[in-house]
Amino acid sequence: MTSNKVNRDASFERFGYSSSVSGIQAGVERTFNNDWQAGVALGVESNSFSENDTLRAQSSGDGVMVGLSLKRKVADAGLVAASISGGRTSYTTTRRVNIFKPGIAEAKSSTEFFDARLRMAWQYEKKHFFMIPQAEFSLTSLHQNKFAETGIAGLGVASPGNTQNLASIMPALEMGWAYGNNPGERRSRISLGLGARYQLKDQLSLPFGFVDAPTGTPSALISNSIDAQSYSAKIGVETVAGKNGVISLGYQYEAGKSTQSHYLGGKFGIKF
């Protein structure tokens with residue numbers, strides 16, 4: 001189960017907003033040949049969005065996603081993991097306008113994403129202390145399907161849709177304390193982590209035009225700035241009961257130049 005809340009400050013070049021996403025995921029992971037693990041997961045989520053300053057734009061929707069993962073241990077202390085995931089979200093947006101007279105525009109649309117990741121990590125242990133330097137690389141493709149507003153006649157806007165690609169690198173360092181290493185004994189660990197995210201793009205864009213614009217009228221490209229760099233801190237607690245049960249809880253705070261994100265997640269697993 002996960003919950004994520006994002007706030008972005010407003011400025012002269014961007015509007016401020018708040019968004020929240022909550023979801024639940026379930027999956028299966030199997031080990032083979034001792035050093036390999038393969039997994040599959042399915043998740044659903046619900047999200048909401050509101051423009052901060054005037055609350056004139058609001059959006060809500062639901063989505064579904066699926067992912068595949070493959071991990072391999074390297075020389076006992078190393079780990080290489082790759083994953084691919086994709087999903088679709090359908091949502092409804094309302095926007096208050098006051099041109100000639102007050103009105104409410106409504107649009108129904110959907111987005112899809114595809115994400116590929118590669119993570120490399122190395123775990124150093126000394127008695128109960130552990131430290132894990134790691135780096136993750138990601139490529140994400142975002143597709144906004146076409147939509148058109150209704151409810152305010154020709155004053156509504158429409159978009160033919162757009163596809164954009166993002167590339168990121170995320171170095172991180174995790175460290176903590178583990179205890180209870182005897183077979184069959186309950187094992188627990190507390191971890192702290194620091195990380196950074198560097199993106200090759202600092203803007204997302206979408207073409208817009210009026211619903212009743214003459215055929216052939218070019219759309220205006222509206223761009224929205226995003227944080228090219230952000231930094232994060234996290235804390236986590238994990239307990240392994242015997243050979244089969246795993247319970248974990250974690251919190252992460254991430255901040256960039258204009259955006260702050262709070263992430264809370266919990267996991268319950270059974271090995272079989």
Side-chain angles (χ1 to χ4, degrees), residues 2 25-43 65-86 114-141 166-200 229-254 263 265-272:
T2 59
Q25 302 86 33
V28 177
E29 191 172 64
R30 298 299 300 269
T31 301
F32 58 96
N33 291 340
N34 294 323
D35 293 333
W36 291 87
Q37 286 184 321
V40 58
L42 178 68
M65 63 197 72
V66 64
L68 302 172
S69 66
L70 185 64
K71 304 176 184 178
R72 186 179 189 277
K73 294 181 180 179
V74 180
D76 295 328
L79 176 69
V80 177
S83 67
I84 56 173
S85 61
F114 175 81
D115 183 82
R117 293 174 182 260
L118 176 66
R119 182 168 70 94
M120 295 178 288
W122 188 271
Q123 180 162 320
Y124 168 80
E125 295 181 350
K126 187 173 182 179
K127 294 185 177 180
H128 296 288
F129 174 78
F130 66 88
M131 181 171 62
I132 309 174
Q134 55 191 292
E136 184 171 297
F137 307 87
S138 71
L139 292 173
T140 305
S141 180
L166 298 172
S168 304
I169 178 172
M170 292 158 282
L173 177 64
E174 181 180 351
M175 62 186 70
W177 187 266
Y179 59 92
N181 294 320
N182 296 324
E185 182 183 7
R186 177 177 294 177
R187 303 186 302 276
S188 300
R189 72 179 199 171
I190 299 175
S191 62
L192 299 172
L194 297 174
R197 182 192 304 269
Y198 302 98
Q199 298 192 132
L200 299 183
Q229 300 178 11
S230 61
Y231 304 93
S232 63
K234 66 178 182 178
I235 183 171
V237 179
E238 181 179 86
T239 297
V240 180
K243 296 182 179 179
N244 299 321
V246 179
I247 300 174
S248 65
L249 181 66
Y251 168 77
Q252 177 173 305
Y253 173 74
E254 184 172 345
Y263 173 88
K267 181 176 72 174
F268 173 72
I270 299 177
K271 297 181 180 180
F272 58 89

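- The shortest side-chain heavy-atom distance between Met65 and Ser85 does not fall under the 4.5 Å cut-off.
- To the nearest 0.5 angstrom, Arg119 atom CZ is 6.5 Å from Lys71 atom NZ.
- Partners of Trp177 by ring pair (Phe, Tyr, Trp, His ring centres under 6.0 Å), not counting sequence neighbours, listed by chain and number: His128.
- The CH2 atom of Trp122 sits 14.0 Å away from atom CD of Gln134, with the distance rounded to the nearest 0.5 Å.
- Rounding to the nearest 0.5 angstrom, the gap separating the NZ atom in Lys267 from the OG atom in Ser248 is 4.5 Å.
- One distance of note links CD of Glu29 with OG of Ser69; it measures 5.0 Å at 0.5 Å rounding.
- Closest non-hydrogen pair, Ser138 versus Asp115, comes out as CB-OD1, 4.3 Å.
- Here Glu238 contributes atom CD and Leu249 contributes atom CG; the two are 11.0 Å apart, rounded to the nearest 0.5 Å.
- Residues passing the ring pair (Phe, Tyr, Trp, His ring centres under 6.0 Å) test with Tyr124: none are found, sequence neighbours excluded.
- Using a 4.5 Å heavy-atom threshold, the side chains of Val80 and Leu118 count as touching.
- Note: Leu68 CG to Ile84 CD1 = 5.0 Å, rounded to the nearest 0.5 Å.
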Cut-off 3.5 Å, no hydrogens considered: what does the side-chain donor-acceptor table look like for residues 190-200, sequence neighbours left out?
residue, atom, partner, partner atom, Å
Ser191, OG, Glu174, OE2, 3.3
Arg197, NE, Glu254, OE2, 2.9
Arg197, NH2, Glu254, OE1, 3.4
Gln199, OE1, Ser168, OG, 3.3
Gln199, NE2, Asp227, O, 3.2

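- Using a 4.5 Å heavy-atom cutoff, the side chains of Met131 and Phe129 are in contact.
- At a threshold of 4.5 Å between non-hydrogen side-chain atoms, the residues Gln25 and Thr2 count as touching.
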